[in-house]
Amino acid sequence: MNMMLRRLSRAATAGLVAAAALTAAAHSAEAADTLGSAAAGQGRYFGTAVAAGHLGEADYTATLDREFGSVTPENEMKWDATEPSRGTFTFASADRIVDHAQSRGMDVRGHTLVWHSQLPSWVGTLGASDLRTAMKDHISGLMGHYKGEIHSWDVVNEAFQDGGSGARRSSPFQDKLGDGFIEEAFRAARAADPAAKLCYNDYNTDGVNAKSTAVYNMVKDFTSRGVPIDCVGFQSHFNSNSPVPSDYRQNLQRFADLGVDVQITELDIEGSGSAQAADYTKVVQACLAVERCTGMTVWGVTDKYSWRSGGTPLLFDGNYAEKPAYDAVLSALGGSGGPGEPGGPGEGTATCTATYTRTADWNGGYNGEVTVTAGSEPIGSWTATVTLPARQSVSALWNGTAAFNGNVMTVRPSWNGALAAGTSTTFGFTVTKNGSDAAPAVGACTAS
Ligand code: XIL
């Protein structure tokens, strides 16, 4: 089909479906939030990777359509899928995903134009000048087909080596064209679809480390020289060997401070239960804390089709049931759940407990720490009270915000409000004794 016709017919269908969705929403005042609607309330998109081969499965498609606002074709836009032999483009599988998404008003992320993997063997046989032409033709052929239909493209994927060297990874592009291939790809991409955000995407770059710093330096160089780049994608494939880094937010922020958007592009976290839920909470909170973190994509709908299915790393189990990680993400996004779930109708079961310990002691003062633990339901926020003995006063507080009424200190979270079921956070404070060594009393914890 010719491009113009494709776009017109897609736009018309999307409009009809959006109108139908509005009518449905008006009839169900108590509808629970979804991942997509809760994220939209925070000005973010929440997406998933999609495989065309599963779109015929009713439960898969129902979950996809209900929960997500953006899709990334998991494999269908890769070079081996779209240009298996030189100059012959095959878009059928990717078109299925894009058509499906557009008919439901979802956005599409493009993944990926230039990558060493899932690359057809003919590319590796070309000499430098032919390779340069083939790379540019691939970019203009693929981006041109979807011109105006993709919100962000991963222009170059995984061009840096793992480990401490900060070096570029060997690939046909790197080996024959040198470092400059990345910049050439971005320039060709801007020309092919000026409306798309152009991203560099990689893994093990989620925290501050030698690899992420090498990418950071490249982005800084690009922005200073006017090489077109709009965003950096952080794949965020986590497991016990590669846990959610403690400086995730700081790392996202330092890229954002270069003047580019940041996106979490392939999120999955191996594990289960409350530990997995707590890790998901950390990731969502990190994105929400960075203004230029424009959205998150999980790398699949259901554990059973995950590329790491053994690690059950996603938000829905193999039967499409919502996992604790789902509740945690929804709650971290500020969403209300369904009946009996946090913020949903009949809710009120969210509870927490607070326990106190003295963590340091000296002549004139001490440090106290309160551990706040969510009950059997995830919580969106908490409040704890600490009553100080006469004469004592608080001189510092961390991981919380305090309001004082006489000797009663009411503490609410600063960044650490959302807790998955059974998980904990702490806040701490320094007390001046003024001659009294008595312990403070920690009152009831309330959760919401
Ligand atoms: C993975 C897909 O999920 C698998 O189905 C496929 O067999 C291999 O690729 N980094 C990326 C993604 O950028 O494209 C990869 O996706 C996962 C790692």
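Numbers here simply count residues along the sequence, with the first being 1. For ligands, and for the atoms within them, numbers begin at 1 and follow the listed sequence. Basis for what follows: all heavy atoms, side chains included, without hydrogens, waters or symmetry-related copies.
Listed by first then second residue, pairs satisfying salt bridge (charged side-chain N to carboxylate O under 4.0 Å, His left out) with a partner in residues 72-89 read R86-D130, not counting sequence neighbours.
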Kindly list each side-chain donor-acceptor pair under 3.5 angstrom involving residues 230-237, sequence neighbours excluded, with atom names and distances?
residue : atom : partner : partner atom : Å
D230    : OD1  : R190    : NH2          : 3.0
D230    : OD2  : R190    : NH1          : 2.9
D230    : OD2  : R190    : NH2          : 3.4
D230    : OD2  : L198    : N            : 2.8
Q235    : NE2  : N157    : OD1          : 3.2
Q235    : NE2  : E158    : OE2          : 3.0
S236    : OG   : D206    : OD1          : 3.3
S236    : OG   : F234    : O            : 3.1
S236    : OG   : Y248    : OH           : 2.6
H237    : ND1  : E266    : O            : 3.2
H237    : ND1  : D268    : OD1          : 2.7
H237    : ND1  : D268    : OD2          : 3.4
H237    : NE2  : E266    : OE1          : 2.7

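Ring-plane geometry between Y200 and F160 is classed as perpendicular, the angle between the planes exceeding 60 degrees on a 0 to 90 degree scale with a lower cut at 30. Between H145 and F91, the angle of the ring planes stays under 30°, which puts this pair in the parallel group of the 30/60° scheme.
Around ligand 1 you find E74, N75, K78, H111, W115, Q118, N157, E158, Q235, H237, E266, W299, W307, each with a heavy-atom distance below 4.0 Å.
Every residue meeting the ring pair (Phe, Tyr, Trp, His ring centres under 6.0 Å) condition with F173, not counting sequence neighbours, appears here in chain and number order: W79, F181.
The residues K282 and D279 are annotated as salt-bridged, a charged nitrogen and a carboxylate oxygen being separated by less than 4.0 angstrom.
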